[in-house]
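Below is one structure, written out as structure tokens, with a few remarks after it.
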Amino acid sequence: MTVTTRFAPSPTGLLHLGNIRTALINWLFARTNNGKFILRIDDTDTERSKDEYVSKIKYDLEWLGIDYDETFNQSSRFDVYKERFESLKDQGRIYPCYETPEELERKRKLQLAAGGKQVYDRSALKLSDQEKRGFESEGRKPHWRFLMKSESIKWNDILKGDIEIDLTSLSDPVLFREDGVPLYTFSSAVDDIDFNVTNVIRGDDHTSNTAVQIELINALDKNNLIFAHHALLKASSGDKLSKRDNVISIESFRDLNIEPLAILSLLATIGTSNSIELKDSIDQIINEFKIKTISTSPGRIETDLLNALNRKLIQNYDFDTVKDRLEKVDKKIDEKFWTAIRGNLNTVEEIKQWTDIVYDSKIIEPKDKEFISTAIDLMPEEPWDDDTWDQWTSAIKEKTNRKGKELFLPLREAFTGVSQGPEMKKLIQLIGRDKIIERVKL
RNA sequence: GGUCCCUUCGUCUAGCGGUUAGGAUAUCUGGUUUUCAUCCAGAAGAUCACGGGUUCGAAUCCCGUAGGGACCGCCA
């Protein structure tokens, strides 16, 4: 049996650090087991699902380098769900319910006030045929619940160990809505069976739900699924990660020019016992992946780590890697420019700051005009090379008796306008003699 | 209220009855003869949530308490 995992996002929002981690884990599990990874678009809720999000989800995955062997939309399988629905009905495992959402809400409040279980009371099970006809003649349409028979469900969770859930503490799940739309619990179980999914790896928020799904899968077929539930990530504030939380969406990081590998490196290490470090490649991440290193306790995700990883990554990029992107920033950026500047960048596109400094004619008025004037007098004629700066500053040192910070910092500020940046011996070669003279106002 | 889970340096974590409680990251110091970054060396940082029990011995096993998380929907 081929190991098969799936990622089943609902296209109702953007992918973020939390759900992309689940996708990555499933993908890595498939790749490390020579298996198959399926992208299942969970769009049975046609009202809330948007095509726009389907394409964004696919684009995010592609951008990150997470490929899939198969993809389909659940909305294309309504016929199959209907078929399975009939067979469950024949078995007497699903029953029609006529309560309105308001009535159910009222029941829950009553149960809460009474301090009892907030579980559906199965009163629809006791309805006589006549009562049912009564509701129908009122124009009510039934929604359908699955009758759970087991008292408890046990499974061995790859990450959490032996789990036993008391099914009587959970409501019989609604499988089909009043309008005939199948719900997640059902379509998910059917598709896992039909597509021969072997391993379901998902967030801890699905743990209780897994008990329900095992009961359902056993009614439909026979459960052979192996489950693993990982802890959810929390925001650095300690709050829960939200789909609506755009600051951690993959799209937002892409807009900030964060590299895919930085994101993958973070996701492959945070909340695990792996060292938090930049990985050389996605292949390295695959090679090092071990599902058991994933923690079961909810951890915080520090987005600062992402910036640090990104910085480290781009500082080693060759010119060829970023050539096309640099061209969009400024066509004048060549290999020499990139190599001189890259060590001081947080993102590739940040190089714009340095093309501004190198090519613009902004006038800089030095604080210590006398000193700078001396320096300019001693400035060597071109051509310049890597030794020029040393020779020049040695001459200035001799003449002015300045050294260290006193010597270098005013020069940097006078020639670039800022107090920090790439090595001056490289930078002056990029700026050039004429520009320095033109720029410095004495 | 019910069900399930979690709790070790700031943060992510290793630990499976005897460890100077280890690593990563962040922080600080020194060096790499300006800054930033990198790299190297070093330092500091954990009453192992709390209380009790078992044991010669507990971060580790058991019970309780507290705190945190998840779920309890005609969402996924």
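These values consider heavy atoms only, across backbone and side chains, with no hydrogens, waters or symmetry-generated copies. Naming convention: chains lettered A, B, ... in sequence-line order (proteins, then strands); numbering from 1 in each chain.
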TODO: Only one of Y184(A), F85(A), W144(A) passes ring pair (Phe, Tyr, Trp, His ring centres under 6.0 Å) with F176(A); say which it is.
DONE: F85(A)
Task: Nearest-Å distance for atom pair OH/C1', residues Y184(A) and rC74(B) - done: 17 Å
TODO: Check every strand shown and say whether R311(A) touches a base, only sugar-phosphate, or nothing at a heavy-atom separation below 4.0 Å.
DONE: nothing
Open item on the list: Expressed as a whole number of angstroms, how long is the span from N316(A):CG to rU38(B):P?
Closed with: 11 Å
Task: Spacing of the P atoms in rU29(B) and rC36(B) (rounded, Å) - done: 11 Å
Open item on the list: With a 4.0 Å cutoff (strictly under), does any side-chain N or O of R145(A) reach OP1 or OP2 of rC74(B)?
Closed with: yes
Task: Phosphate-side-chain proximity, S273(A) and rA24(B), N/O vs OP1/OP2 below 4.0 Å - done: no
- [ ] Verify the distance criterion only: is there a donor paired with an acceptor across the side chains of E99(A) and Y120(A) at less than 3.5 Å?
- [x] yes
TODO: Determine the contact category for E277(A): base if any of its heavy atoms lies under 4.0 Å from a base atom, sugar-phosphate if only primed atoms, P, OP1 or OP2 are that close, otherwise nothing.
DONE: nothing
TODO: Establish, with yes or no, whether the OP1 or OP2 oxygen of rG73(B) is under 4.0 angstrom from a side-chain nitrogen or oxygen of S171(A).
DONE: yes
TODO: Can you tell me, in whole Å, how much space there is between the P of rC39(B) and that of rA26(B)?
DONE: 9 Å
- [ ] Give a yes/no answer on whether the side chain of R202(A) brings an N or O atom under 4.0 Å of OP1 or OP2 in rA76(B).
- [x] no
- [ ] Compare side-chain N and O positions of K312(A) against OP1 and OP2 of rC39(B) and report whether any pair is under 4.0 Å apart.
- [x] yes
Task: Pairwise C1' distance for rU47(B) and rC12(B), with rounding to whole Å - done: 22 Å
Task: 5′-ward residue of the pair D162(A)/S419(A) relative to RNA chain B - done: D162(A)
Task: rC50(B) and rC75(B), which share atom name C1', separated by this distance in whole Å - done: 39 Å
Open item on the list: Checking contacts here: which listed nucleotide (rG23(B), rC5(B), rU13(B)) is nearest the side-chain heavy atoms of S275(A)?
Closed with: rG23(B)
Open item on the list: Using the P atom as the point on both nucleotides, what is the distance between rU7(B) and rC61(B), in whole Å?
Closed with: 10 Å
TODO: Under 4.0 Å between any heavy atoms, over every strand shown, what does L170(A) touch: base, sugar-phosphate, or nothing? Just pick one.
DONE: nothing
Task: Cationic N near anionic O, under 4.0 Å, D121(A) to K126(A) - done: no
TODO: For nucleotides rC71(B) and rA76(B), find the distance between their C1' atoms and express it as a whole number of Å.
DONE: 12 Å
- [ ] Answer with base, sugar-phosphate or nothing: what part of the nucleic acid does G421(A) contact at a heavy-atom distance below 4.0 Å?
- [x] base
Task: Same-atom distance (P) from rU3(B) to rG64(B), integer angstrom - done: 13 Å
TODO: Report the nucleotide, chosen from rC74(B), rC36(B), rA76(B), that has the shortest atom-to-atom distance to any side-chain atom of P101(A).
DONE: rC74(B)
TODO: In whole angstrom, give the distance that lies between atom CG of L411(A) and atom C1' of rU35(B).
DONE: 12 Å
- [ ] Could you check whether L305(A) gets within reach of a base, just the sugar-phosphate, or nothing at all, counting any heavy atom under 4.0 Å?
- [x] sugar-phosphate
TODO: Could you tell me whether L183(A) contacts a base, only the sugar-phosphate backbone, or nothing, with contacts defined as non-hydrogen atoms closer than 4.0 Å?
DONE: sugar-phosphate
TODO: Take the protein atom CZ of R108(A) and the nucleotide atom P of rC72(B), then report the distance between them rounded to whole Å.
DONE: 10 Å
Open item on the list: If the cut-off is 4.0 Å, is S208(A) near the phosphate of rU3(B), judged by side-chain N/O to OP1 or OP2?
Closed with: no
TODO: Once you apply the 3.5 Å cut-off to both distances, tell me the Watson-Crick or G-U wobble partner of rA66(B), or none.
DONE: rU7(B)
Open item on the list: Whole angstroms only, please: what is the CD-P distance between E406(A) and rU35(B)?
Closed with: 13 Å
- [ ] Have a look at S188(A) and say if it touches a base, only the backbone sugar-phosphate, or nothing, with a 4.0 Å heavy-atom cut-off.
- [x] nothing
Task: Partner nucleotide, any strand, of rG1(B) [Watson-Crick/G-U, under 3.5 Å] - done: rC72(B)
Open item on the list: Students often get this wrong, so: under 4.0 angstrom with heavy atoms, is Q111(A) touching a base, only sugar-phosphate, or nothing?
Closed with: nothing
TODO: Remember a base hit wins even if backbone is also touched, and classify L232(A) as base, sugar-phosphate or nothing at under 4.0 Å, heavy atoms.
DONE: sugar-phosphate
- [ ] May I ask you to decide whether K50(A) forms a salt bridge with E52(A), counting only side-chain N to carboxylate O separations under 4.0 Å?
- [x] no
TODO: Could you tell me whether I270(A) contacts a base, only the sugar-phosphate backbone, or nothing, with contacts defined as non-hydrogen atoms closer than 4.0 Å?
DONE: sugar-phosphate
Open item on the list: Heavy atoms only, 4.0 Å cut-off, all strands: where does T296(A) land among base, sugar-phosphate and nothing?
Closed with: sugar-phosphate
Open item on the list: Pairing donors with acceptors under 3.5 angstrom, does anything connect the side chains of S152(A) and E164(A)?
Closed with: yes
Open item on the list: Give me the distance, rounded to whole Å, that separates rG31(B) from rC56(B) when you measure between the C1' atoms they each carry.
Closed with: 50 Å
TODO: Describe the nucleic acid contact of S236(A) in one word from base, sugar-phosphate, nothing, applying a heavy-atom distance below 4.0 Å.
DONE: nothing
Task: Under 3.5 Å on both distances, the Watson-Crick or G-U partner of rU38(B) - done: none
TODO: For R300(A), report the nucleic acid contact type (base, sugar-phosphate, nothing); a contact means any heavy atom under 4.0 Å.
DONE: sugar-phosphate
TODO: Describe the nucleic acid contact of D205(A) in one word from base, sugar-phosphate, nothing, applying a heavy-atom distance below 4.0 Å.
DONE: sugar-phosphate
